[in-house]
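Just so you know, ligand 1 is whichever comes first in the structure, and atom 1 is the first atom listed for that ligand. Numbers for residues simply follow the sequence, beginning at 1. Since the model is a prediction, treat every value here as computed from it, not as a measurement.
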Amino acid sequence: MKLIMAIVNSDDADRLVNTLSKAGYRATTISTTGGFLRQGNATIFIGTEDENVPKVLQLVKENCHTRTQYVNPLPPVMEPGEMYIPSPVEVQVGGANVFVLEVTEFGRF
Ligand code: 2BA
Ligand code: 2BA
């Protein structure tokens with residue numbers, strides 16, 4: 001068994017979970033925050049048998065889209081009288097960042 005951990009955009013999370021559920025997969029969603037942008041994203045855990053992993057990953061790919069975001073870099077240390085004009089930096093935020101972990105035991109009590 002594997003545990004698929006998919007970090008996705010909050011806007012894609014509902015659609016992905018609905019699609020997974022309709023396809024018979026079980027999932028748990030938690031609200032998370034990206035360490036770089038400090039914006040909300042969603043982490044979806046899907047526990048499933050090894051042979052289902054490619055199918056689940058395909059559904060994740062189909063339902064999660066890459067986005068471009070702009071961030072303002074931190075201002076540099078300034079000397080008196082200097083002026084800093086911030087120019088936003090383009091960042092590609094993945095449709096999904098996925099980790100597939102080995103499950104040693106699954107229990108339901
Ligand atoms: P939920 O997804 O809200 O599911 C609540 C209950 O609905 C489940 O109880 C199960 O009886 C049923 N259910 C869920 N998905 C289903 C599906 N695709 N087809 C048919 N019935 C379905 P539990 O199995 O005891 O799960 C309780 C909660 O534990 C779930 O809440 C979910 O948050 C988590 N969970 C369970 N199995 C999981 C797995 N393989 N991967 C990730 N999270 C899981
Ligand atoms: P954030 O940490 O908010 O990162 C958003 C996007 O900013 C990243 O997109 C990446 O393009 C860029 N970025 C992140 N850290 C950076 C850094 N140290 N220097 C330069 N650019 C950086 P993605 O790579 O698609 O990641 C989207 C979200 O997935 C991340 O949100 C984070 O929550 C999660 N994530 C990605 N890789 C991860 C990893 N190896 N471990 C844990 N979480 C990860």
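Only the backbone of Gln92 comes within 4.0 Å of ligand 2, judged by heavy-atom distances.
Using a 4.5 Å cut-off on side-chain heavy atoms (C-beta onward), Val93 and Thr66 make no contact. At a threshold of 4.5 Å between non-hydrogen side-chain atoms, the residues Asn9 and Gln39 do not count as touching.
For ligand 2, the polar-atom distance check against Thr33 finds no nitrogen or oxygen pair separated by under 3.5 Å. For ligand 2, the polar-atom distance check against Phe99 finds no nitrogen or oxygen pair separated by under 3.5 Å. Looking at ligand 2, you'll find an N or O of Phe36 within less than 3.5 Å of one of its N or O atoms. Between Val93 and ligand 2, not a single N/O pair is under 3.5 Å apart. Ligand 2 has a nitrogen or oxygen under 3.5 angstrom from a nitrogen or oxygen of Leu37.
Listed here is the closest heavy atom pair of Glu82 and Glu79: OE1-N, 2.9 Å. Of all non-hydrogen atoms in Tyr25 and Lys55, the two that sit nearest each other are OH-CB, 3.5 Å.
The cluster map of Ile, Leu, Val, Met, Phe, Trp and Tyr, joined by side-chain heavy atoms under 4.5 Å apart, puts Val53 and Leu16 in the same cluster.
Applying the under-4.5 Å side-chain rule to Ile, Leu, Val, Met, Phe, Trp and Tyr, the cluster around Met83 extends to Ile85.
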Does ligand 1 have any N/O pairs with the protein under 3.5 Å, and how far apart?
{"from": "ligand 1", "atom 1": "9 (O)", "to": "Arg108", "atom 2": "NH2", "distance (Å)": "3.4"}
{"from": "ligand 1", "atom 1": "11 (O)", "to": "Arg108", "atom 2": "NH2", "distance (Å)": "3.4"}
{"from": "ligand 1", "atom 1": "18 (N)", "to": "Tyr25", "atom 2": "O", "distance (Å)": "3.4"}
{"from": "ligand 1", "atom 1": "21 (N)", "to": "Arg26", "atom 2": "NH2", "distance (Å)": "3.4"}
{"from": "ligand 1", "atom 1": "24 (O)", "to": "Arg26", "atom 2": "NH1", "distance (Å)": "3.1"}
{"from": "ligand 1", "atom 1": "24 (O)", "to": "Arg108", "atom 2": "NE", "distance (Å)": "2.9"}
{"from": "ligand 1", "atom 1": "24 (O)", "to": "Arg108", "atom 2": "NH2", "distance (Å)": "3.2"}
{"from": "ligand 1", "atom 1": "25 (O)", "to": "Arg108", "atom 2": "NE", "distance (Å)": "2.9"}
{"from": "ligand 1", "atom 1": "25 (O)", "to": "Arg108", "atom 2": "NH2", "distance (Å)": "3.0"}
{"from": "ligand 1", "atom 1": "33 (O)", "to": "Thr28", "atom 2": "OG1", "distance (Å)": "2.7"}
{"from": "ligand 1", "atom 1": "40 (N)", "to": "Gly47", "atom 2": "O", "distance (Å)": "2.9"}
{"from": "ligand 1", "atom 1": "41 (N)", "to": "Arg26", "atom 2": "O", "distance (Å)": "3.4"}
{"from": "ligand 1", "atom 1": "41 (N)", "to": "Gly47", "atom 2": "N", "distance (Å)": "2.9"}
{"from": "ligand 1", "atom 1": "43 (N)", "to": "Thr28", "atom 2": "OG1", "distance (Å)": "2.7"}

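Distance check, rounded to the nearest 0.5 Å: CG of Asp50 to CE of Met1 gives 9.5 Å.
Side-chain atoms of Ser10 and Asn41 include no donor-acceptor pair closer than 3.5 Å.
Screening Val8, Ile7, Val56, Asp12 for a side-chain contact (heavy atoms from CB on, under 4.5 Å) with Ile44, the sole residue that qualifies is Val8.
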Evaluate the criterion side chain to side chain contact (heavy atoms under 4.5 Å, CB included) for residue pair Ile4 and Phe99; output intermediate values, then yes/no. CA-CA 6 Å; Ile4 300 167; Phe99 300 85; over 6 Å; no

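Distances below 4.0 Å separate heavy atoms of Gly94 from the following atoms of ligand 2: 9 (O), 23 (P), 25 (O). Distances below 4.0 Å separate heavy atoms of Asn41 from the following atoms of ligand 2: 28 (C), 31 (O), 33 (O). Counting the atoms of ligand 2 from 1 in the order shown, those under 4.0 Å from a heavy atom of Gly34 are 1 (P), 2 (O), 3 (O), 31 (O), 33 (O).
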